[in-house]
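Hydrogens, waters and symmetry mates play no part in the numbers below; they use all other heavy atoms, side chains included. Everything numeric here is computed off the predicted structure, so don't read it as measured data.
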2 protein chains.
Amino acid sequence: MTSFCKLKESITISKQEICREILHKNRDAIKVKNETVAITNLMRIFEATLELSNQVGFQAMSVRELSKRTKLSMGALYSYVESKERLLCMLLQYGGALGHRSRQLPEHVSENSRDRLLASIKLHIYLTETYQSWFFFIYMQAKFFNKKTLARIVQEEEISEAYYQKILEDGCQAGEMKIDNTILTASSIIALLQDWYLKREKYRKLAVSAEQYADFVCDLITVKL
Amino acid sequence: MTSFCKLKESITISKQEICREILHKNRDAIKVKNETVAITNLMRIFEATLELSNQVGFQAMSVRELSKRTKLSMGALYSYVESKERLLCMLLQYGGALGHRSRQLPEHVSENSRDRLLASIKLHIYLTETYQSWFFFIYMQAKFFNKKTLARIVQEEEISEAYYQKILEDGCQAGEMKIDNTILTASSIIALLQDWYLKREKYRKLAVSAEQYADFVCDLITVKL
DNA sequence: GTCTATAGTGCGATAGAC
DNA sequence: GTCTATCGCACTATAGAC
């Protein structure tokens with residue numbers, strides 16, 4: 001079985017790398033030409049936006065407060081983010097890289113379905129650990145986006161769900177698992193993985209580690225004594 | 001086993017009743033003296049607030065828009081709700097009656113732990129079905145409340161969790177269930193019950209009924225083949 | 001008890017100096 | 001590339017007629 005640490009290495013995406021990607025995608029809206037400066041400040045802006053938004057909500061967060069936190073003046077801030085709405089768009093793009101990678105599980109992990117399930121869950125949990133504030137942000141704001149954007153996010157979840165469902169069905173066919181309703185079961189996996197990053201504080205208090213939680217979820221789904 | 005319908009009857013709380021309770025608790029802030037008129041309009045205000053808030057978020061919802069939806073002028077609206085913040089407080093009070101009742105399961109339901117678990121889950125799901133917009137609202141806004149208010153809501157969840165944990169432990173002691181980690185398992189039940197009202201649309205598309213979902217959750221937790 | 005009109009505030013965004 | 005100063009707008013909340 002692939003160890004948790006190895007999994008971590010296999011999906012490490014530098015936040016800087018993501019910011020560079022976003023910078024290039026939004027060249028039209030970003031006035032600052034020096035790439036090094038732009039990336040440094042974009043990173044600070046994104047980080048502060050997530051932090052503030054996750055405290056008071058994106059709508060309630062004022063650009064003035066954001067300017068204080070980033071230690072950029074209003075004017076400087078607006079040479080990175082055309083508008084508050086555009087800032088939101090950029091943060092949505094942030095997910096492009098993540099959602100895709102969360103299903104890039106090396107297929108060779110194991111022939112055994114349960115191992116593949118566990119590896120997938122661990123991969124997912126590690127991703128949400130590293131980018132917790134972003135996942136929290138998207139979940140909490142998604143419901144308030146316009147229909148089109150919401151649809152895109154819901155679709156992301158459906159892809160994840162189908163991915164887990166396939167593992168479960170393969171496991172059943174191979175006789176390694178016995179699962180009545182694979183759709184609802186896959187849906188439960190998603191819900192439990194989301195609970196982990198939505199209530200991070202609670203699990204911290206319970207002193208449950210990421211690895212323990214992954215094992216627990218996997219057992220809940222598959223172990224039928 | 002107690003039927004779903006019987007359970008429904010046992011916990012039906014009229015929304016009007018709740019509004020009357022809130023009216024009396026907030027007599028100081030509500031200028032309208034005629035109780036019948038006050039309750040009628042309070043109900044409309046609460047309903048519209050939940051609807052609007054769940055579309056755009058409470059902070060983003062404007063009182064102007066609320067006045068349109070309720071067909072009350074700005075002036076009239078403000079003779080019911082001292083301020084937008086006070087309106088939020090009233091909606092929090094709404095939960096007082098609900099949280100309490102959700103654990104008022106008639107003890108005589110069954111001696112069997114699994115039946116008691118299933119009955120509790122069904123009770124919970126029925127409550128969240130009837131008051132879905134309120135539960136959704138609280139979950140989505142809770143994270144943005146001040147620390148004190150958030151603590152109160154988290155405590156509510158802890159009580160629910162302890163309640164489920166006790167059923168699980170009783171079941172284990174009686175030899176009717178075999179559950180390794182009752183804390184995490186109880187926590188999972190909560191997460192899955194929340195998923196039901198947070199993603200109501202998704203389950204509607206999957207054509208899963210409330211009763212089916214309750215059965216599924218209960219099975220996932222207890223059935224060890 | 002409800003209305004219209006408006007006061008007062010803080011917001012997102014911009015202009016122009018440096 | 002960053003700053004300060006400020007514009008115009010939409011918001012919450014209120015005053016006073018009916």
Measure the distance from [atom1] on [X] to [atom2] on [N] and round it to the nearest whole Å.
X: B:Phe58; N: D:dC11; atom1: CZ; atom2: C1'; result: 14 Å
X: A:Lys31; N: C:dA15; atom1: NZ; atom2: C1'; result: 10 Å
X: B:Lys84; N: D:dT14; atom1: NZ; atom2: P; result: 15 Å
X: A:Lys71; N: D:dC3; atom1: NZ; atom2: P; result: 12 Å
X: B:Leu77; N: C:dA5; atom1: CG; atom2: C1'; result: 17 Å
X: B:Lys68; N: D:dA10; atom1: NZ; atom2: C1'; result: 12 Å
X: B:Met61; N: D:dA13; atom1: CE; atom2: P; result: 10 Å
X: A:Glu82; N: C:dG12; atom1: CD; atom2: P; result: 16 Å

Measuring from the side chain of [X] (C-beta onward, heavy atoms only), which nucleotide among [options] has the closest atom?
X: A:Tyr80; options: C:dG12, D:dG1, C:dT2; answer: D:dG1
X: B:Ser83; options: D:dG1, C:dT4, D:dA13; answer: D:dA13
X: B:Ala76; options: C:dG1, C:dC3, C:dG12; answer: C:dC3
X: A:Met74; options: C:dG12, D:dT14, D:dG1; answer: C:dG12
X: B:Val32; options: C:dG1, D:dG1, D:dA5; answer: C:dG1
X: A:Tyr78; options: C:dG12, C:dG1, D:dA13; answer: C:dG12

At 4.0 Å (heavy atoms only), tell me whether B:Ser73 reaches a base, stays on the sugar-phosphate, or touches nothing.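 Base contact - B:Ser73 has a heavy atom under 4.0 Å of at least one base atom.
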So, B:Lys199 and A:Ser187: side-chain donor and acceptor under 3.5 Å apart, yes or no?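 Note: B:Lys199 and A:Ser187 side chains miss the donor-acceptor criterion.
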Earlier contact from the 5' end, DNA chain C, for A:Glu65 and B:Val37: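 Counting from the 5' end, the first nearest nucleotide belongs to B:Val37.
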Between A:Gly75 and A:Gln59, which is nearer to the 5' end of DNA chain C once each is assigned its nearest nucleotide?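 Result of the comparison: A:Gln59.
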Name the orientation class of the two ring planes belonging to A:Tyr203 and A:Trp196 (parallel below 30°, tilted from 30 to 60°, perpendicular beyond 60°).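 Tilted.
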Nearest-nucleotide wise, let me know which of A:Ser79 and B:Val81 is further upstream toward the 5' end of DNA chain D.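 Its nucleotide being nearer the 5' end, the pick is A:Ser79.
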Taking only side-chain N and O atoms of A:Asn41, does any of them lie within less than 4.0 angstrom of OP1 or OP2 on D:dG1?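 Checking D:dG1 against A:Asn41, no side-chain N or O comes under 4.0 Å of OP1 or OP2.
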Could one point to a donor on the side chain of A:Arg64 or the base of C:dG12 with an acceptor on the other under 3.5 Å away?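 Indeed, a donor on one side and an acceptor on the other fall under 3.5 Å apart.
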Are A:Glu35 and A:His24 close enough, and set up right, to give a side-chain hydrogen bond (donor to acceptor under 3.5 Å, both in side chains), and what steps lead you there? CA-CA 9 Å; A:Glu35 182 164 315; A:His24 292 148; 3.3 Å; yes
With no hydrogens and no angle check, is any side-chain donor or acceptor of B:Lys84 less than 3.5 Å from a backbone partner on B:Gln59?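 Yes, the answer is positive, given that a donor and an acceptor are paired below the 3.5 Å cut-off.
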Would B:Gln212 and A:Asn181 satisfy side-chain hydrogen bond (donor to acceptor under 3.5 Å, both in side chains), going step by step from the backbone distance to the final call? CA-CA 11 Å; B:Gln212 283 172 333; A:Asn181 192 329; over 6 Å; no
